[in-house]
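To start, the structure itself, in structure tokens.
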Amino acid sequence: AMKTNGIFIIVFALLTINLSAQRQAANWYFGENAGINFNTNNSVSALSNGAMSTIEGCTTISNDNGVLQMYTDGTFVYNANHDLMENGSGLKGDQSSSQSAIIVPKPEDPTIYYIFTVGSSQGTLGLNYSEVDMTLDGGLGAVTANKNINLLASCAEKVSAVLKDCDSGNIWVVGFSNSSGNSASQMKTFHAFEVSSTGVNVNAVSSTQVQANISELRGNMKFSPDGTKLASANIGSGLYLYDFDLATGIVSNALQLPINTASNKPYGVEFSPNNQLLYAAASNDYFNSSNQNDNNNAANHVSSLVQFNLNATDIPASQVVIDQTTLYRSSLQLGPDGKIYRSMSATY
């Protein structure tokens, strides 16, 4: 997440808990005032009314009926009228963060949402959360005094969430940092925070993995739809697959998945709806700090899209290269229609 002019990387942080009756992912706002809507038949149409322009991370949430509630780049929150939400500025995310924010509904309370934010390599603000009360500002919602509550002092540019179980409706929100949650230079620990009807439990379930320490902040993290797997992309440090225990919040069994292409630095990740396939979008991560024209020359950017079969005896060997082309790095996001969407950008 280098701060350079004209970066255009779309990141959708949408919960992977959208049951058929819930339409929380019906609207996506992202990129440079872009958006799409999925109607009840899952046909897709463009939205041109978005107020947000972000170079990287963003998240949108609608209610169970598919009515837009809010969207954010991790710093500014916009309401359903596409106006800045009351008290909705100054959140501690960063639009140059891979996954700058994710919005989680409070279990058993349809009027409260929590916005979890992560900083970037430009400013390691850590993992924080802010509360939104939808009864305020005439039903458009407002960020309450519970704003920028810190959970991890410093962490990677990734955050993901998953439904713990249908009975409680509780949700796990997971960040990635060092064991103490205070450094992004030697990271190997996942920190899972449980959100319940009583709020956010600030005491994390922490799982330290045996992989090499990771000092790369950039890249996405996603849960499989059934919540049993977690994939983490680290541009400079590789792609990893883990097991996740929904009951305990424990991450285990790290498996590195090398990408066998010339553009092998992973950024976007997503699982198939049936949990059996993992897709990764990787790039050559081309960047010439001294020559912006080089950075904006499409020919310098190469990206690949690869697939792994998680049912294979040898998962790394199951890799299939689906696409390799002149392209900047991409994010991947599973839509409510069961299709995976890929952001497309030629250059920085």
Side-chain angles (χ1 to χ4, degrees), residues 1-4 9 11 13 56-57 59 73-75 90-102 104 114-130 147-162 172-195 200-223 230-244 248-256 265-267 269 285 287 289 329:
M2 303 163 183
K3 272 277 194 294
T4 53
I9 316 162
V11 177
E56 214 164 340
T59 184
D73 62 1
T75 304
L91 271 65
K92 289 187 174 179
D94 190 320
Q95 64 164 225
S96 191
S97 170
S98 305
Q99 289 172 294
S100 56
I102 192 166
V104 169
Y114 297 111
I115 304 175
F116 290 82
T117 60
V118 287
S120 75
S121 55
Q122 311 300 317
T124 51
L125 303 170
L127 175 65
N128 295 273
Y129 78 91
S130 299
K147 185 176 181 180
N148 291 327
I149 297 172
N150 185 253
L151 297 171
L152 297 172
S154 185
C155 65
E157 298 181 0
K158 45 177 62 77
V159 60
S160 197
V162 68
W172 292 109
V173 177
V174 178
F176 185 58
S177 182
N178 68 343
S179 58
S180 304
N182 61 5
S183 172
S185 64
Q186 297 287 311
M187 299 179 290
K188 58 181 179 181
T189 302
F190 291 92
H191 301 268
F193 297 88
E194 189 170 358
V195 183
V200 180
N201 184 345
V202 299
N203 297 309
V205 174
S206 298
S207 313
T208 296
Q209 283 297 295
V210 294
Q211 75 217 37
N213 286 340
I214 290 174
S215 298
E216 170 67 75
L217 280 74
R218 301 169 299 158
N220 287 258
M221 175 169 65
K222 293 282 182 67
F223 282 99
L230 181 67
S232 181
N234 310 276
I235 285 182
S237 307
L239 173 67
Y240 286 86
L241 176 69
Y242 304 90
D243 290 330
F244 186 74
T248 63
I250 299 257
V251 180
S252 62
N253 295 329
L255 175 65
Q256 187 167 6
K265 295 177 168 55
Y267 181 82
V269 285
D285 195 35
F287 182 72
S289 58
R329 64 177 183 247

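Residues: numbered from 1 along the sequence shown.
- A 4.5 Å side-chain heavy-atom check between Lys158 and Ser98 finds every atom pair outside the cut-off.
- Applying the side chain to side chain donor-acceptor pair (under 3.5 Å) rule to Lys147 yields the partners Asn87; only residues at least two apart in sequence or on another chain are considered.
- With sequence neighbours left out, Thr189 forms a side chain to side chain donor-acceptor pair (under 3.5 Å) with Thr208.
- Contact annotation: the side chain of Phe193 never approaches that of Asn203 to less than 4.5 Å [non-hydrogen atoms, C-beta and beyond].
- Note that OG of Ser179 is 7.5 Å distant from CG of Asn182, once rounded to the nearest 0.5 Å.
- In this structure, Gln209 contributes its side chain and Ala254 its backbone to a donor-acceptor pair below 3.5 Å.
- A donor-acceptor pair is defined here as one N or O able to donate and one able to accept, closer than 3.5 Å; no such pair exists between the side chain of Ser97 and the backbone of Ser120.
- Considering CG of Asn220 and OG of Ser160, their distance stands at 9.0 Å, rounded to 0.5 Å.
- Judged as a side-chain contact (heavy atoms from CB on, under 4.5 Å), and not counting sequence neighbours, the contacts of Ala192 are Trp172, Val174, Val205.
- Closest of all the heavy-atom pairs between Tyr267 and Glu56 is OH-OE2, 2.6 Å.
- Taking the six-membered ring for Trp, Tyr242 and Phe190 have ring centres closer than 6.0 Å.
- Considering Val118, Leu152, Asn150 as possible partners of Asn128, the one that fulfils the side-chain contact (heavy atoms from CB on, under 4.5 Å) test is Asn150.
- With hydrogens and angles ignored, the 3.5 Å screen pairs a side-chain donor or acceptor of Ser177 with a backbone N or O of Ser183.
- The salt bridge (Lys or Arg N to Asp or Glu O under 4.0 Å) pairs that include a residue from residues 231-243 are Lys229-Asp243, where partners are two or more places apart or lie in different chains.
- With rounding to the nearest 0.5 angstrom, the CG atom of Asn213 is 9.5 Å from the CE atom of Met187.
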Exercise. Could you go step by step and tell me if Val269 and Leu239 meet the side-chain contact (heavy atoms from CB on, under 4.5 Å) rule?
Worked result: CA-CA 9 Å; Val269 285; Leu239 173 67; 3.4 Å; yes
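- Here the side chains of Val173 and Val159 are in contact, with some heavy-atom distance below 4.5 Å.
- Contact of the Tyr129 side chain with the Thr117 side chain is not registered, since no non-hydrogen atoms from C-beta on lie closer than 4.5 Å.
- Heavy-atom minimum distance, Leu127 versus Cys155: N-SG, 3.6 Å.
- The CZ atom of Phe116 lies 9.5 Å from the CD1 atom of Ile149; values are rounded to the nearest 0.5 Å.
- Residues Met221 and Gln99 have side chains in contact (heavy-atom distance under 4.5 Å, counting atoms from C-beta outward).
- The two residues Phe244 and Val162 come nearest to each other via the heavy atoms CE2-CG1, 4.0 Å.
- Evaluation of the side chain to side chain donor-acceptor pair (under 3.5 Å) rule for Asn148 yields no partner, not counting sequence neighbours.
- Under the 3.5 Å distance criterion, the side-chain polar atoms of Gln95 are left unmatched by any main-chain donor or acceptor of Thr75.
- When every heavy atom of Gln256 is checked against every heavy atom of Gly238, the shortest pair comes out as NE2-CA, 4.0 Å.
- Rounding to the nearest 0.5 angstrom, the gap separating the CG atom in Leu91 from the OG atom in Ser100 is 10.0 Å.
- In plain terms, the two heavy atoms of Arg329 and Asp285 that are nearest each other are NH1-OD1, 3.2 Å.
- For Ser206, the side chain to side chain donor-acceptor pair (under 3.5 Å) partners at least two apart in sequence or on another chain are His191.
- Going from atom CG of Leu125 over to atom NZ of Lys92 covers 6.5 Å, rounded to the nearest 0.5 Å.
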